[in-house]
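In this text the structure is predicted, and so the values were computed from the model without any measurement. As the structure lists them, so they are numbered: ligands from 1, and atoms in each ligand from 1.
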Amino acid sequence: MNKELYRKLTGLCEKPLAQASNRDIYLALLDLVQDLSQKNEKPVTGRKLYYISAEFLIGKLLSNNLINLGIYDDVRAILQDSGKNLSDIEELEPEPSLGNGGLGRLAACFLDSLATLNLPGDGIGLRYHCGLFRQSFQNDVQNEAPDLWLDEHSWAEKTDVVYPVLLAGKTCSARLYKLNVTGYHGRTNHLNLFDLDTIDESLITDGISFDKSDIEKNLTLFLYPDDSDDAGRLLRIYQQYLMVSAGAQLILSECEARGCDLHNLADYAAIQINDTHPSMVIPELIRLLGEKGIPFEETVQIVTDTCAYTNHTILSEALEKWPRHFLDQVVPQLMPVIEKLDCLARTRTDDESTAIIDCRNVVHMANMDIHFTHSTNGVAALHTQILKDSELANFYRLYPEKFNNKTNGITFRRWLLECNPALTKEIGMLIGPGFRQDADELEKLLAFADDPQVLQKLTDIKKENKKALADWLYQKQGIKINPDAMFAIQSKRLHEYKRQQLNLLFLIHLYLEIKAGHTPAVPLVSIFGAKAAPAYTIAKDIIHALIALSKVVAADPQASPWMQIVFVENYNVTAAEKMIPACDLSEQISLASKEASGTGNMKFMLNGAVTLGTMDGANVEIAERVGNDNIYIFGQSSRQVINRYAKGDYCAYDWYESDPNIRRAIDFLCSPQMQKAGHEENLSRLHNELIYKDWFQTLPDFNAYLVRKAQAMTDYAQDTAAWSKKALVNIAKAGFFSSDRTIAEYNRDIWHLGE
Ligand code: 26Q
């Protein structure tokens, strides 16, 4: 036993561990981790990165920090000796859900990799009092409740640092909270989160509604409040400006403290703008540098050299554009700068599509980013190619040198070492510990691709993880699932382009086939985790339809031994850590060209799931690496999809009318069984949507999906070792998708940190 650690822990608890409560121990561990992390802080020389993002979906931090500090096993052993259990203690930690999905989780993985690679790089964001809403199912529809995650004792420590921020002409004080980000045997960086002292949590009334009028009381209450009305949209701008103005002041003061005279800001700071949410940092920095007496032209050059922009989406509705009068109201001090930038951009091109303020007085944030940063990157090879070819083609012609790709990645500390200790241990026994620092070493596993014992061991580990997920689900939702079945999981935000509705139609088809006497090759447990935006009606209808179908199936003794549908409530990082290691088949079925990258696909692969997916986002790069034998690809190509959109001749009704399988599956939504299990209004709305709109082309991919999924199920049923080999190849080829590789590329091409 590590005696020194034992002494420290008991000292912090002020009593023997055996007599301490789990809460006492949790608080002692918090102190211990903070203390050890602080020791790994290092002075900064040269360029330092500031990753500005409206979201950091960091998840629980205790285990992650213990692992990164190298004391996880020791702490667990010490606790065990005193009759305590680390996972019980972890339960006490609230999960900071400070993000919606992929973009926020990516930011969290990046912070972990920066610290691990010993690179100086901090995050800048907001300290939302409520993270993404807590989802429950009431009467089989999604219900949203506030997620007040802040605890008196939190990882984010209050500081004395405050910056003045001018919001709609009134000065507010942005207070800095600092959270240590400790790398895996690396340095400690920080996540800087800003908040106002005046926030009033009692403004929250019914569910997640709140009084939107008083900015000083509500500004950081919620992550992305509903933006379906004007008050909500304005609030988003207030939030963004608080973040970037306080962030810009923090950056300038840190750089000045290190001897920067601000003319040479780009030698001291690299600023990465995570999608368009922090774009106002550009005019804000220009404004602040101008106040210091630097001429406009020079401020523009300084900011362009300092800042870089990442694009995470090609859905045009997600590209932020604000009516000018919104900005006039919230940030009048920025408008003269934005106008000058618009004029400057117009001297470079007369292409109206690249204007910052268009002829209808709408301000295009992404356009400002591309003109006035030195780098624009996409997040997977296909995504970057589509940006260059179509979405941003006009910009690519103007600035070809600015465009580059950085395929996303995930931190293996959380998504392998922490969430799958059994697999981690087995990999270590087979290829040694090197893969923990260098993910490419996972390729050494290929030497065991035909070793029956290794393949059996992988099957056993997966089985244990499936049992653990089954236990967790039973505890949490009282649902029993069969661990001998194949587990197919689709977990991600609910959006039509991600096509949970395609999976739904498959499950209806499977049910009807079973009813017709055609049983599948293997029983299937189909697991979903997804939150829908509170105002996104069809997304909520899809959730409802899945829940209604799950009831129909569960009540049917002929079908239930063969299939089961489970919707996991409140999908978040903690749930993901339980679900991903237990997955056999990873559902990555977005409409080709729509998913910029995806990162769940990488997490499942790393944990030995085989992907069933379209040639979209990073699936393309996964397929390239594992080869056709180890992935199930189906569906239209991105080219075909883009052409179909361009021609504008897609008619869902034609597919519905001419294909009996499609018609049977869709019509089942309005069958008496479904109507009895669910709600007529929600189900018929979805029925209509699929027949008359189907904006994301579900129906043309339906048959291909059926065929590929049936093939996967047959392969799984017929030859366990052959399936296990596919899993092994997926694990072995996952090294490329480590965020350490992604961060090294950003650093090599864009940031040049420490230099
Ligand atoms: C914009 C305007 C108004 C209100 C909300 C928004 C908004 C909020 C969140 C727009 C976009 C987001 C989040 C986007 C996101 O998570 N994108 C995902 O980023 C991942 C990391 O790069 C990719 O892997 C996913 O493919 C991409 O969907």
Next on the checklist: I'd like to check which ligand 1 atoms, numbered from 1 as shown, lie under 4.0 Å from a non-hydrogen atom of Gly598.
Outcome noted: 23 (C), 24 (O), 25 (C), 26 (O)
Next on the checklist: Between Phe737 and Phe412 (judged by ring centroids, cut-off 6.0 Å), do the two rings come close enough to count as a pair?
Outcome noted: no
Next on the checklist: If we set the cut-off at 4.0 Å for heavy atoms, which region of Leu103 has an atom near ligand 1: side chain, backbone, both, or neither?
Outcome noted: both
Item to check | Spacing of CG belonging to Asp122 relative to CG belonging to Leu111, to within rounding of 0.5 Å | outcome: 8.0 Å
Checklist entry - Could an N or O of ligand 1 be found under 3.5 Å from any N or O of Trp322, whether backbone or side chain? => result no
Next on the checklist: I'd like to know if Lys540 pairs up with Glu144 as an ion pair, taking the criterion as any Lys NZ or Arg NE/NH1/NH2 lying under 4.0 Å from an Asp or Glu carboxylate oxygen.
Outcome noted: yes
Checklist entry - Which one of His277, Met602, His312 has a non-hydrogen atom at the shortest distance from atom 11 (C) of ligand 1? => result His277
Item to check | Under 4.0 Å to a heavy atom of Val379 - the qualifying atoms of ligand 1, by number | outcome: 22 (O)
Checklist entry - Heavy-atom distance to atom 21 (C) of ligand 1: which of Thr313, Ile410, Asn408 wins? => result Asn408
Checklist outcome for this item: Honestly, for Arg236 the part within reach of ligand 1 (heavy atoms, under 4.0 Å) is side chain
Checklist entry - Taking only heavy atoms of Glu55, which atoms of ligand 1 are found under 4.0 Å from at least one of them? => result 9 (C)
Checklist entry - Is the distance between the ring centroids of Phe222 and Phe210 under 6.0 Å? => result yes
Item to check | Ala596 neighbourhood, listing ligand 1 atoms whose heavy-atom distance to it stays under 4.0 Å | outcome: 26 (O)
Item to check | Under-4.0 Å heavy-atom contact with ligand 1, by part of Arg105 that carries it | outcome: neither
Checklist entry - Which atom pair, heavy atoms only, marks the closest approach of Thr276 to Tyr309? => result CG2-OH, 3.9 Å
Item to check | Ring centre gap for Trp415 and Phe604 strictly below 6.0 Å | outcome: no
Next on the checklist: Residue-level breakdown please: for Tyr497 versus ligand 1, do any non-hydrogen atoms fall below 4.0 Å on the side chain, on the backbone, on both, or on neither?
Outcome noted: side chain
Item to check | Residue from Glu595, Gln490, Lys492 passing side chain to side chain donor-acceptor pair (under 3.5 Å) with Gln588 | outcome: Lys492
Next on the checklist: Ring of Phe395, cation from Lys402 - is the NZ or CZ under 6.0 Å from the centre and inside 45° of the axis?
Outcome noted: no
